[in-house]
Protein chains: 2
Amino acid sequence: MVRSRASAVTPFQTASHDHDNCVETALDRAAQLCAARGARLTELRRQVLRLVWGGHEPVGAYAVLESLKRSHPGAAPPTVYRALDFLIEHGLIHRIESLNAYVGCSRPERPHVSQFLICGKCGAAAELDDPAIARAVLRRAAELGFVVEQQTIELSGLCPRCRARPDA
Amino acid sequence: MVRSRASAVTPFQTASHDHDNCVETALDRAAQLCAARGARLTELRRQVLRLVWGGHEPVGAYAVLESLKRSHPGAAPPTVYRALDFLIEHGLIHRIESLNAYVGCSRPERPHVSQFLICGKCGAAAELDDPAIARAVLRRAAELGFVVEQQTIELSGLCPRCRARPDA
DNA sequence: TCGATGATTGTTATAATATAACGCATCGAG
DNA sequence: CTCGATGCGTTATATTATAACAATCATCGA
Ligand SMILES: [Zn+2]
Ligand SMILES: [Zn+2]
Ligand SMILES: [Zn+2]
Ligand SMILES: [Zn+2]
């Protein structure tokens with residue numbers, strides 16, 4: 001049996017996770033990517049991206065809006081939705097359909113399909129890029145003559161940490 | 001290699017599909033299932049189920065409401081949502097998260113996980129019950145110590161029939 | 001049969017999520 | 001500079017879903 005490489009650890013964050021650094025890294029990568037593509041990561045979009053990256057839990061558009069108003073008093077729903085649209089188009093965040101919420105993308109360098117594990121207890125969402133799942137899905141679709149354009153794969157349940165602690 | 005049985009044809013409907021019969025069968029099965037479980041498939045719930053089964057395209061709650069009003073003038077949003085909740089609880093319909101819409105379940109006899117192929121052109125949704133996909137998903141989750149409670153797997157794209165016709 | 005009980009439905013209001021439409025500002029190419 | 005495209009402000013509205021409480025109905029034991 002082939003062993004996973006060291007990088008294939010849990011995609012859920014551990015207690016020692018340095019999230020401030022995590023967010024700064026994500027913002028820097030976003031700036032680089034947008035520059036490379038000629039896309040404008042304006043200050044507004046950057047702030048929305050930072051707010052979506054506030055944690056590893058998906059966050060709703062109106063929650064982003066409330067936070068954004070602190071630094072940007074005139075913000076209204078279109079302000080946020082337009083920024084979210086931009087960030088999604090450029091693969092910097094993903095939309096979680098089953099929650100009507102948004103979460104930062106962990107590998108924005110290139111477009112990809114991903115799968116999400118979403119903990120119902122702590123709210124954390126882990127992004128997977130599992131070739132076996134993608135392969136199984138595409139294989140079956142191909143057998144049926146269906147051309148897949150977009151995949152929404154969201155698994156809700158209990159993450160390892162919440163499973164370990166019986167309650168909270 | 002193991003060959004699929006004859007029943008494993010495309011889950012998309014063909015031109016010869018007798019949908020009136022399809023709906024009646026679904027309603028009869030629903031009645032039987034509810035009777036066996038001691039659940040009450042009231043006339044209201046039965047009508048909502050019939051409306052959701054109006055086609056093999058997922059249908060929104062407010063579209064159901066508009067249709068329902070013809071036979072049930074006093075209907076309001078809670079009327080529909082409560083019926084939809086009942087039907088989902090008993091596995092008679094599924095909710096499509098990526099569309100905020102509802103579609104009849106093709107195999108309501110027992111609870112199951114399913115995957116949906118949704119055509120962006122004609123709107124049809126086909127329900128799969130592919131063990132390979134389910135296995136790949138559960139396997140990866142288990143490796144990560146994640147307990148899966150619910151699966152949302154929705155693939156949008158182009159169905160075989162729409163792919164065949166270049167345009168419409 | 002009667003009435004207690006829980007399930008179902010009626011009704012009104014409101015919450016939560018998302019988009020339409022239009023105008024102004026800004027930026028960069030030519 | 002001027003034009004055209006993009007970004008953003010602003011107001012209003014669309015779409016999806018739920019809260020809360022009253023009225024009615026079904027069922028079943030006393
Ligand atoms: Zn982090
Ligand atoms: Zn049919
Ligand atoms: Zn089903
Ligand atoms: Zn189609």
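To find a chain, count down the sequence lines: A is the first, B the second, and so on, and within it residues start at 1.
- In the model, His19(A) has no side-chain atom that pairs as donor or acceptor with a side-chain atom of Gln13(A) under 3.5 Å.
- The phosphate of dT17(C) (OP1 or OP2) has no side-chain N or O of Tyr102(A) nearer than 4.0 angstrom.
- In this structure, the CG atom of Leu84(A) is 12 Å from the P atom of dT17(C), given to the nearest Å.
- Both Pro77(B) and Arg40(B) lie near DNA chain D, and the one whose nearest nucleotide falls closer to the 5' end is Pro77(B).
- One cannot find a donor-acceptor pair under 3.5 Å joining the base of dA19(D) and the side-chain atoms of Tyr81(B).
- Open room surrounds CZ on Arg70(B); 12 or fewer heavy atoms of other groups in view lie less than 6.0 Å from it.
- You'll find a donor-acceptor pair under 3.5 Å spanning the side chain of Tyr62(A) and the base of dA18(C), going by distance alone.
- Checking the phosphate oxygens (OP1, OP2) of dC8(D), no side-chain nitrogen or oxygen of His72(A) falls inside 4.0 Å.
- Between Glu127(B) and Ser106(B), the side chains place a donor N or O and an acceptor N or O closer than 3.5 Å (distance only, hydrogens not considered).
- With hydrogens and angles left out, the side-chain atoms of Gln47(B) and Ser71(B) include a donor and acceptor closer than 3.5 Å.
- Among the atoms of the strands shown, none is found under 4.0 Å from any heavy atom of Phe86(B).
- The distance between atom CG of Leu41(B) and atom P of dA7(C), rounded to the nearest whole Å, is 18 Å.
- Distance, Leu87(A) CG to dC8(D) P: 11 Å, rounded to whole Å.
- Between Gly60(A) and Pro78(B), the residue whose closest nucleotide on DNA chain C is further toward the 5' end is Pro78(B).
- Comparing Asn100(B) and Arg45(B) along DNA chain C, the residue whose closest nucleotide (by nearest heavy atom) sits nearer the 5' end is Arg45(B).
- Here the P atom of nucleotide dT19(C) and the CG atom of Asp85(A) are 7 Å apart, to the nearest Å.
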